[in-house]
Novice: 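Got a structure for you, questions after.
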Amino acid sequence: MEKWFSRKNRREASSFQTNSTAATKSITKSLLQNPCLINSQSRAKQFHAQLLKCYSFPSSSSSILIIYCRLRLLHESFRAFSTIPSPSRSSWSSLISCSVASGLFPLSLSLFHRMRAFGFPPNRRLLPNVLKSCASLRNYKFGESLHACAISFGLDSDLYTTNALMNLYCKLGGWQKELNLFEEMPKTSSSMDSVRKLFHEMTERDVVSWNTVIGGNVEHGLYEEALSMVKEMTSAGLRPDSFTLSTVLPIFAEVVNAKKGKEIHCYSVRSGLDIEMFMGSSLIDMYAKCTMVEYSYRVMSRLANPDAVSWNSIIAASVQNGRFDEGFRFFREMLGLKLKPMAVTFSCLMPACAHLTSLHLGKQLHGYIIRGGFDGNVFVESALVDMYAKCGNICVARRIFDAMPSLDMVSWTAMIMGYALHGPAHEALCLFRRMEMENGKPNYVAFLAVLTACSHAKLVDDAKNFFDSMTKDYGITPCLEHYAAVADALGRAGKLEEAYEFISKMHIKPTAAVWSILLGACSVHKNAKLAEKAAKKIFELEPMDPGPHLILSNIYSAAGKWKDAAEIRTIMRRKGLKKQPACSWIEIKNKVHGFVAHDTSHPCYFKIIEAWEALKDQIRREGYVPNTDDVLHDIEEEQKIANLCGHSERLALVFGIISTPPGTTIRLTKNIRVCVDCHTAIKFISKVVGREIIVRDLNRFHHFKDNRCSCDDFW
DNA sequence: TTAGGGTTAG
C-alpha cells in the first residue's frame, strides 16, 4: 500500500480516504516520511488526529512538530514540543525557526538560550535564524557573541552563516548611527568595515552574499560603492536578480536620477524580472520620487496581481506628486478589491487631506484609522497631527500629539509647524526646547518649523539665535528656507536694511522667492527705495512673474509715485503679464465650494451679494472703513470691491455664514495671502456675526474672533 | 541567509 501511493498518487494519500486501520497506518507512516505533503492547517490537524490513533504519540511527536513548524502554526508547534520528553537539537531548531518566521524574535532568542543550556551546539541551519532575530531586535551585544560562537564552532566559514552575519552588521550599523544622535558618523562606518572584512575573507560567495553587501552600502548612503559592486558581481559571473535590482532602485529615487532608474527598468524587462512584485513597487516609487508619476501609473497598470505594497506605493506616488484625486481613487479601488488598508496606507493618504484642507476627508480617514486600530502608529499619528493642524484644528492636533505613546522628529516637527502656522509662537518655541531635551538632535525641518514660528511672531532675536545654533551646535548648514525665515522675521519687524544685508550676505545665491520676502516687507512698511532694489533683483531672476511687478506698482501708488506705478503697468502689458486669479474655497456639508475673485458663477451668488450688503452696513456701523490701498491701480476692481464683495475670501466667507447655523466655526482657505482690507473686514465680521472664523492663506492661519485676529500685529 | 511602500519641509 505504502509503495502504491508513493508511486502512484501521493496527494490522494494525504486525504486519508480509507477506513481500514491497516491502510491508515500505512499511509500515516509514509506521510511521516514525506511531511511536505501536508500543506494546510486543517490537513495537519487531521493528520495529527490520525497519528494519535495509530502510534504511541511521543515517538512521532517530533514529526508532527516539524509539520506544524513548517506551516508556521506556532501555538500547535509549542503544544507538540511540550509533549516531547527529551527534545532533540532538530526539535529546538524547528521551534526557533518557526518563532523567527512568525516575527517573535525575543521568544526565539530565549529558546536559543534554553537550547544552549541543554548543551546543544548551534548548527548552520539555526545560526542564521538567530542572527536574523538579533538584527531585528537591534541586539548588538548578543549579535557579537553569536559571531564569537560561530567562530568557536567552526561555522564562520559557512556561507549561510556568513551571509547572515554580514546582514546583521549592515543593519546594526544603522542602529548605532541612530544612537549617536549628537555625533556625525564617518561615511564608512565601522559596521561596514566589518562587513567588508567578512566579505573579502569569504572563500565562496553567492548572489545573497553580494546582495547583502550591496544593500548594506545602500543603507549607509554609499551609493557609488553599491553600484560598482553590482558591476563587480556581474564580472564575477553572477547575474543580478530581483533582490539586487530592488535594492539599488531606491538610490535613483533618492538622487532623483530617472535616466539611471530607467536603465534598471529596461534591464529588468530584458531579464524578465519586471513582473516580480518587489520590482513593481520599487519602480513605482522610483518614478514617483523622480516626479514621473505617469510612469508609476504605467508600471502599476502592468502588474498582474498587485499586492498591498504595490497599492500603497501607487497611493504614495500620487499624493507625493500632488495627484490627490488619484490617490483617493486608488484607495477606493484597493478597498473595492477587499484589500485591507494598512497603517502605511493612511500615512500615505493623510497628507492629501492636509493639502486639500479637507477636514471632512481627514475625519473620515481618522475614523478608518481608529476602527482598524492603527492609532498607535507613529507615522499615522504624525500625519494626523499635521492634518488637523493644516485643516485649522490646532487643539485636536495637540490632543493627539499629547496622547502619542512615542514621539519622533517628525511628530515634534509637525506639531511645532502647526503652532508656527497658527500663531502661538511661544508654544512652538517651548515644544522645540522640549524636543531638544527629550528627542535629541533636531533636523533641518525642525529648525525650519521653529524659525517659521519666530518669523510670524516677529521674534527677531530668537530667530537669530536658532539660526546660529543650527550650525554651531548641530552642524546643520542652513538652506534657502532657513535664510528666508530669518529674512522674513527681520522684514516683519521692520528691520528692512538689516534684512537686505542678511540676504546679500547669504552663502548661497538668494532666489527670487527670498528677495520677494523683502519686497513684501517693504510694501507693508512702505519703503519704496529698498523695494526698488529688491524688485530689481527679482526681475533679473524671474522677469515673467507678475506678482512682484504688481507689488512694486502698488508701493509706488501708495507713495504717490503715480508715474512710476504707471510705468510698471506698461512694462507688464508689454511683457503680457496678468495678475494671477485669487481663489478661496470652503467646505460646506462635505462639499467644497470654490470662488475666484469677482466670481458670479456660484448658484448662490445673488444671495451672497444680498448678505454682504447687510453685513457691510453692520460692520461700517462698528467702525469698519474700507481700505483700498492695494488696488488703487485698478479702478474697475476698486469699484467692484466698493459695490460688491469681489475678493474671493469674502465671497467664500459670506457663503459660509449664510449656509451654516449661527455660531458654527467657519474655515476657509485662500491660495495667496489674505488682503489687508479683507483682514480688517473679517475681524469686524467675526464680531457682528458672533462666529470664530479661521482662514488659511498661503503663509499661515488667521483665527478671527470678536473683532480680533491671532496675528493682530502681523501687518 | 538578501530586496519593495509611510509622517514634518519643498
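Note: hydrogens, waters and symmetry copies are ignored here, and every other heavy atom, side chains too, is used. Treat the numbers as computed from the prediction; the structure is a model and nothing was measured. Throughout, protein chains are lettered first and strands after them, A, B, ... in sequence-line order, and every chain is numbered starting at 1.
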Novice: Going by the rule salt bridge (charged side-chain N to carboxylate O under 4.0 Å, His left out), which residues pair with A/R298 if we only count those two or more places apart in sequence or in a different chain?
Specialist: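 A/R298 satisfies salt bridge (charged side-chain N to carboxylate O under 4.0 Å, His left out) with no other residue.
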Novice: Ignoring hydrogens and angles, answer whether the base of B/dG4 and the side-chain atoms of A/S282 contain a donor-acceptor pair closer than 3.5 Å.
Specialist: no
Novice: Just to confirm, is there a sub-4.0 Å distance from OP1 or OP2 of B/dG6 to any side-chain nitrogen or oxygen of A/K289?
Specialist: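 Checking B/dG6 against A/K289, a side-chain N or O does come within under 4.0 Å of OP1 or OP2.
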Novice: What I want to check is whether an N or O donor and acceptor connect the side chain of A/S382 with the base of B/dT7 at under 3.5 Å.
Specialist: yes
Novice: Answer yes or no: side-chain N or O of A/S246 and base N or O of B/dA3 forming a donor-acceptor pair under 3.5 Å.
Specialist: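 Yes, the side chain and the base share a sub-3.5 Å donor-acceptor pair.
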Novice: When you compare the ring of A/F379 with the six-membered ring of B/dT7's base, are the centres less than 5.5 Å apart and the planes under 30° from each other?
Specialist: no
Novice: Determine the contact category for A/F346: base if any of its heavy atoms lies under 4.0 Å from a base atom, sugar-phosphate if only primed atoms, P, OP1 or OP2 are that close, otherwise nothing.
Specialist: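 Result for A/F346 = nothing.
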Novice: Would you say A/K171 places a side-chain N or O within less than 4.0 Å of OP1 or OP2 belonging to B/dA3?
Specialist: yes
Novice: Using a strict 4.0 Å threshold on nitrogen-to-oxygen distance, state whether A/D325 and A/R329 make a salt bridge.
Specialist: no
Novice: Test salt bridge (charged side-chain N to carboxylate O under 4.0 Å, His left out) on A/R398 and A/D402 and set out the steps.
Specialist: CA-CA 6 Å; A/R398 182 61 192 254; A/D402 284 338; 3.0 Å; yes
Novice: Charged N to carboxylate O below 4.0 Å: is that the case for A/D697 and A/R673?
Specialist: no
Novice: Can you tell me if the side-chain N/O atoms of A/Q320 get under 4.0 Å from OP1 or OP2 in B/dG10?
Specialist: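 Checking B/dG10 against A/Q320, no side-chain N or O comes under 4.0 Å of OP1 or OP2.
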Novice: Identify whether any heavy atom of A/D408 sits under 4.0 Å from a base atom; if not, whether one sits that close to sugar-phosphate; answer base, sugar-phosphate or nothing.
Specialist: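 If one applies the 4.0 Å heavy-atom cut-off, A/D408 turns out to touch a base.
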